[in-house]
Protein chains: 4
Amino acid sequence: MTYSVAVSGASGYAGGEILRLLAAHPDMQITTVTAHSSAGDPLIDHQPHLRSLSHLTIGPTTPEALAGHDVVFLALPHGQSGQYTDMLAGTPLVIDAGADHRLTSQESWDAFYGGAFHEPWTYGVPELIVDGGKQRERLVGAGRIAAPGCNASTVSLSLAPGVAAGVIDPSDIVSVLAVGPSGAGKSLKTNLLAAEILGSANPYAVGGTHRHIPEIRQALTDAGAAGEVGISFTPVLVPMARGILATSTAPIAPGATDAQIRGAWEEAYGSEPFVHLLPEGRFPRTADVVGANTALMGLAIDRAANRVVVVTAVDNLVKGTAGAAVQSMNIALGLPEATGLSVNGVAP
Amino acid sequence: MTYSVAVSGASGYAGGEILRLLAAHPDMQITTVTAHSSAGDPLIDHQPHLRSLSHLTIGPTTPEALAGHDVVFLALPHGQSGQYTDMLAGTPLVIDAGADHRLTSQESWDAFYGGAFHEPWTYGVPELIVDGGKQRERLVGAGRIAAPGCNASTVSLSLAPGVAAGVIDPSDIVSVLAVGPSGAGKSLKTNLLAAEILGSANPYAVGGTHRHIPEIRQALTDAGAAGEVGISFTPVLVPMARGILATSTAPIAPGATDAQIRGAWEEAYGSEPFVHLLPEGRFPRTADVVGANTALMGLAIDRAANRVVVVTAVDNLVKGTAGAAVQSMNIALGLPEATGLSVNGVAP
Amino acid sequence: MTYSVAVSGASGYAGGEILRLLAAHPDMQITTVTAHSSAGDPLIDHQPHLRSLSHLTIGPTTPEALAGHDVVFLALPHGQSGQYTDMLAGTPLVIDAGADHRLTSQESWDAFYGGAFHEPWTYGVPELIVDGGKQRERLVGAGRIAAPGCNASTVSLSLAPGVAAGVIDPSDIVSVLAVGPSGAGKSLKTNLLAAEILGSANPYAVGGTHRHIPEIRQALTDAGAAGEVGISFTPVLVPMARGILATSTAPIAPGATDAQIRGAWEEAYGSEPFVHLLPEGRFPRTADVVGANTALMGLAIDRAANRVVVVTAVDNLVKGTAGAAVQSMNIALGLPEATGLSVNGVAP
Amino acid sequence: MTYSVAVSGASGYAGGEILRLLAAHPDMQITTVTAHSSAGDPLIDHQPHLRSLSHLTIGPTTPEALAGHDVVFLALPHGQSGQYTDMLAGTPLVIDAGADHRLTSQESWDAFYGGAFHEPWTYGVPELIVDGGKQRERLVGAGRIAAPGCNASTVSLSLAPGVAAGVIDPSDIVSVLAVGPSGAGKSLKTNLLAAEILGSANPYAVGGTHRHIPEIRQALTDAGAAGEVGISFTPVLVPMARGILATSTAPIAPGATDAQIRGAWEEAYGSEPFVHLLPEGRFPRTADVVGANTALMGLAIDRAANRVVVVTAVDNLVKGTAGAAVQSMNIALGLPEATGLSVNGVAP
C-alpha cells in the first residue's frame, strides 16, 4: 500500500528533511507540500538539494490543502500547529514536528512557551524507557504524534537508562550541547548569519531558560525518575550546519557499581536499531551521524568527580526531528520501523 | 630599554603566537628562534603570517642557542622543557608555555603526566585570586614563570571568584568546553585532519582523564576552596581554528543570594583590564576574543537547577597561552601590564 | 542475483565512500574489506559512520584476499593499483578508483605521474560525450573500469557539451575549483590539519602542475575538441569537508548564438539522471549535492567577456569518485544505472 | 596632533573594522559613531569584540552628527553616501567605504548600480600603478577618498603590474574569487545564513553582473592597459568569515619572457610595505592575512596554457576595505603610511 502524504512548512529545514526522508521511503507518495511566504514557488527553489521532488509546487498552508491525505506532517513554528490540528480531524495520522503537542503540563507550557495550550500527543521517541517499557509500544497505531525537540530527545535518550535503573541521581543533571545552526530554522536573525557563526562558539538560552528543559524533565520523569528532575542546560551554537553533541552528566547513585551503570545502558539500547552504545572508552562525533537516524552514545564513569558522563551525537534534523517523525510514523502504520531510514552517516 | 628574546618551539602554534605578540611589543627584540625538525628553515616558511619576521631563520633548540638572552620562551611539548630550564640558570627570565612547571603536587604530575617531576614555577595567570590577593602580585619580579594550560586557566578564572567568596560549592563542578583544534598543536594525527573536524563536534579525554584537571583543582584550591575540588571536565573539539568557550557550573552555596553571587565576580574582575564580566543576561562568544588577550565572561544563576553557570570565552592561543605569557612577562619585568596586548578581538 | 564484493583501501575516504554506497545497494554483498596499516582492525574503528558494517574486520590488501569476488574495488594511492590488477585476471569486474588506468597517453603519464605505465581501462564517467555518443555505451559489459579523478570529471562534464558542439573554443579554458580536503585523502600532512584549513582558502598545484590536467585534456579531446585543448587549472582548498565547485570558462566560438550554446548543454544532459543543467540564471552550490551522485550545473554566457561560464557542483567522494564507480559498475553489470545511488543531497 | 573622527555605519562589518583599526591608531580619537536602526544602542551591543570602545553610544546618522570632525568615515550601503557627502563640505577629510564615489564613468555607474551619479573621489589603493607612478602620490593631501571595493582592489592589484608592463594581455582576464560572507555585510538574507554557508561553496553574480567589474576595468585602464580590458569575473562564497583568495589569469603577451613577467611584479611591489610578492612556487592562503593590511601574492607562468596566474590573498575587511581606508587616510594626513596597521596576520 502507498500512503499519500502532505508536508507543511515545506520550505524550512525541518520540512525539507521530512521531505528528503519521505522521498526515499518506498511506501510514501508526497502529494502536497505547503508553506506560507513561499506558496506558489517551485519546491526546488527552496530545497535545491531535493532533485527528485522538482515536480512539486508549494501551495498555501490551509486546512483544505492538508486535508484528504493518509498522513500529514506539520513543520511549523511553535504555536502554529495547534490551529491546524483541530481542523484535520478526518486525517488518520498527523505528526507535529513543533512543540504544540509535546508537553503534558500546562504549567510548564505556560512557563516556557505561553499562548494556547494544546492536548499532548503520543511522544515520538520510540526508544525512550517509559514505565518499564518503551515508548515504541505507545506509538503502535497512534493517530497523533508529537515529534520531539531535538535537544530534548538527545538528552532524554542519554540519561533515561540510568534514571530508570536508579544508578544516577536525576536531581542534579548538567547538560551542555554543541549544536549546529540548522536547529534554529531558516530564521532571518543577525546571530544566525554565517559571518557570526563561522569561527565562533556561541551560547544561548543560558541559565535555565531553554524551552526544551520541561520536555526533558517530563521524559525523565516518565522514565521513572525517583524524585524531581533537576537540570542545568546550556546549548552552544558551533560552526557545523547539522548535529548535536550533548555532554550530559549526573551524580552516580550511592552504591551503584560500574557494571550496574554500564549495564543499564546496554540493556536499554542493546537491541535498538538506531541508538548505539559505543564500546568502553569510545565516544561519538557528530560527523558520523550526518544524514542518519542514529544516536551514537559513549559513557564514562568518573569516580573522582562522582559523575556518569554520557556523550551523545545525533543529527538534529534526522534523529532529532524528521527521522524521529518518520520512524514513529512507520511504527504507527505498522511498517517495518527502519523503512526509509539510514543507520549509516555521511562522513567525512 | 629593549630586552633580547629567544623563542623555542618557533614553528608551532604556541610559539608562533608568542612571536606574533612579541613582534607588536615595543620593548622586545626577537633575536633567536629555534625548533627541532624545522631548524635551518626560514621562519616565514612555517609562520607565513608573520611577515615582519621574515628575516629570521630557525636555529636548533639547544641550551647554547637559548642562553644569553634577557627573556627565553619555551614552547615545547610537555616533558621537554625541564631539560632546558636547568641549563638556563643565567637567564633572568624564563617562561615555559608547557606543563612541566605548573603543578605543585608530584602525585598529580605522576597521575596525569608521568616522567620526571620538575619544580613548580610562578603560575602565569595574573587575575587569579590567591590567598585573598591576586596572582599578579607573585609575578612581580619573577624569574621563572609557568604559563597556564589554556583550558585550565579558562575554567579557573571562571570559577575562582565564586570559590573564594564561598558562594559556590567547589566539590561538584561540571565544565564542558568547546575548543578549537589549534589547542592540540601542529600534531600530525588523523583526528586533527580538516576532513575529520569540519562539520563535526568531537569529544576527547572524556571521563576525568584530561591533563588540565589537576591544574584546575590546584588553582581553585589556591583561590580558597573550602574542601576538595571535584570537577567533571569534558572538552569538545569544534570546527573553529581558535577559541575556547567554557561552560562551567557549580552548585549554589546554601544561603548565597543573587547579589552575593554576582558581586563576587564583579569584585574580582571589576577593575581587570583583560577579564570582563558581561552585564546580566549577556554571554560571550569566542569570535569576540580572537587575537585578543581578553577573557569575556557571562554569569547566570539558575535557581531551578540550583547552579551557577559561568560561560567564558578566550582565545586559547592568546589569553590561554601566549598572551598570558606576555602579560606575565610584562608584570615580571615591571612594564605596563597591557603592553603589546590587545583587548579588542578580530571579528567577525 | 547478489554479487560478492571486495573493497581495498577500506580505511580511507574513497574506500569508505564506496562502502557507504555499496551498503545501500540491494544487489551487492560486501564480503571483504582490506587495507595496509589498519589490517586487523574492526572496520568501524576507521569508518565509525558505517554502522551497518560494524561486523567487518579489515584484512591485509593482498591479491589472495581480493581474488574470488564478483567485483573488486581498488581505492589505493596512485601507483599502487597496477600491481594488483595484474593479479586479478580471474575477477570479472575490477574498478580502480586510482589514476593508474585513466590515461591513454604514456607521455602524459610520465609527465604528470611517472613510474610504471599501465594500460588504460574504460573510463567511468557515463555521461561524457565521446565520438558523438556517450561513454555509457562503452561501459556496458566492461570488465575493467577506471573511475575518474574528481576534479577532472567535474571539469570535463562542465565543458564537454560545448566542446562537442563546437560552440566554445577549447584552446583557452580556465578552471578554478573550490575543493574540500577530503579529496586529498586521509594523509597526515601539515597543510591538511584542521587548524590550517579552517577559516582559510588555500591554493595548491598552481600554474599547470595538477595531475588531473592531462585527464581533462584527454576527455575533452575524446568529446571532439577541434584542435588542442589548453587549460589553466587552479584548485583551492576551502573549509568544507566535501565538495567541488568548479568554475570553468572558455571563449565563445565565433558566431555561436545563445540558443546554440545553451542548447548544447540541454541536449547533452536533458535526459541524464545524475547531471542536471539548472534553469537560466541559476547556479549550484556544493551543499545541494552532499552525499548525492548528482552534478548540478549552471551556465552563463558573458558576451562582454566573450566567455561561456559553467559552474558545476559535485560531491567529490560521490559523483567525483565512489558514485561514479558504482554507477559505472551498475552499467557494466546490466543493473539499473541508478541502483543504490541518491539524486538528492543532504542539506543544509 | 590628535584627529577627531566620526564613523557612520558603525554597527556593520565595515564600520566595525574601521573602528577596530582606529582604536589601535595612536593619532585618532573616535568621537562619534552613528548608524540607522541601531541608533541609541551602546556600540558594544553591536560590536562586542571592540572592548576598548565600550564607552561609546551609537547616534543617528545625520549630517549634524558627522559634521565638525577632522575625519569622517562613511560605511553605508551603496547609494547612501552621496547624500551625506554633499553636506560635509566643511570636513577636511571624508572617506567613503561605499561605491558612490569610485567610478569615473557615469555609463558604468548606470549599467551596474543605477541611481544618482556622484563625482569620483581619489581612489584609495595606494599601491596601484597609475600613469607610470603610484596611486599613493594622488592621495597625498586628498580631502575626499573613495575606499575600494574589496574584490575589485584585490584583482586590480593582482594584475596591474603585468598590464602596466605590457607582459599580459588585458583583453581576456579570468578571475575567480573565494570570498568570505562578511563581504556581503550584516544583511538579513537567507543565502547568508550560517546553515546555508557552512559546508558549501556558493557562487553568485555569475556571468558578468558583479558590480566590481567596472571598477577593475577602470583601475587596469588607469594602470596603462593597451586596449579594452575584458574580464570574466566569478565570486564564490566559501565558509570562512573573512578573506578573499583571488585567482586571476591573463594571456601572456607575445614575446614576454619569464624574467620580464616576474620582473614586472617584483618592480611594482618590491618596496611596498603591504603588498608582498611571494617567492617563486609559493602561493598565499587567506589565513595568513586575517586582521592584517597585507596583500600576499603568488605568481605562476603557465606556458602550456599560455597564461600568467596570480593568486592573491587579502582580508576583505582590512586591506579590502577598512585598512585601505586607514592607509589612505594616513597618506592624506601626512602620517607614516603604516600607522595603526599590522603587516602580520592572526593565524592559525
**Prompt:** Counting heavy-atom pairs under 4.5 Å to chain B, which of A:Gly243, A:Ala313, A:Ala304, A:Pro284 comes out on top?
**Reply:** A:Pro284

**Item:** Contact origin within A:Thr249 toward chain B - heavy atom pairs under 4.5 Å
**Value:** side chain

**Asked** Pick from B:Asn202, B:Val236, B:Val206: which one has the most heavy-atom pairs with chain A under 4.5 Å?
**Response** B:Val206

**Message:** With heavy-atom distances below 4.5 Å as the criterion, would you say the side chains of A:Pro348 and B:Leu198 are in contact?
**Reply:** no

**Request:** Using side chain to side chain contact (heavy atoms under 4.5 Å, CB included) as the criterion, point out the one residue from B:Leu245, B:Val238, B:Thr286 that pairs with A:Val238.
**Result:** B:Val238

**Asked** Is it the backbone or the side chain of B:Thr234 that comes under 4.5 Å from a heavy atom of chain A, or both, or neither?
**Response** side chain

**Message:** How long is the straight-line distance from CG of A:Asn306 back to OG of B:Ser171, given to the nearest 0.5 Å?
**Reply:** 9.5 Å

**Request:** Measure the shortest side-chain to side-chain distance between B:Asp172 and A:Arg307 over non-hydrogen atoms and say whether it is less than 4.5 angstrom.
**Result:** yes

Check: residues 185-193 of chain B side-chain donor-acceptor pairs under 3.5 Å, at least two apart:
| residue | atom | partner | partner atom | Å |
| --- | --- | --- | --- | --- |
| B:Lys186 | NZ | B:Ser11 | O | 2.7 |
| B:Lys186 | NZ | B:His46 | O | 3.1 |
| B:Ser187 | OG | B:Ala184 | O | 3.1 |

**Request:** Give a yes or no on whether B:Glu266 atom CD has more than 12 heavy-atom contacts from other residues, nucleotides or ligands under 6.0 Å away.
**Result:** yes

**Message:** Let me confirm one number: the OG1-CG distance from A:Thr247 to B:Leu177, rounded to the nearest 0.5 Å.
**Reply:** 10.0 Å

**Item:** Max heavy-atom pair count under 4.5 Å with chain A, selected residue of B:Val309, B:Leu299, B:Val174
**Value:** B:Val174

**Message:** Below 4.5 Å, heavy-atom pairs only: which of B:Ala201, B:Pro203, B:Gly298, B:Gly207 has the largest tally toward chain A?
**Reply:** B:Ala201

**Asked** In terms of heavy-atom pairs under 4.5 Å, which option from A:Ser200, A:Ala305, A:Ala300 contacts chain B the most?
**Response** A:Ser200

**Message:** Within this structure, what is the CE-CD1 distance for the pair B:Met240 and A:Ile197, rounded to the nearest 0.5 Å?
**Reply:** 11.5 Å

**Message:** Is B:Ala178 in contact with chain A via its backbone, its side chain, both, or neither, using a 4.5 Å heavy-atom distance?
**Reply:** side chain

**Under 4.5 Å from a heavy atom of chain B, the part of A:Ala287 involved** = both

**Residue among B:Gly230, B:Gly208, B:Gly199 with most heavy-atom pairs under 4.5 Å to chain A** = B:Gly199

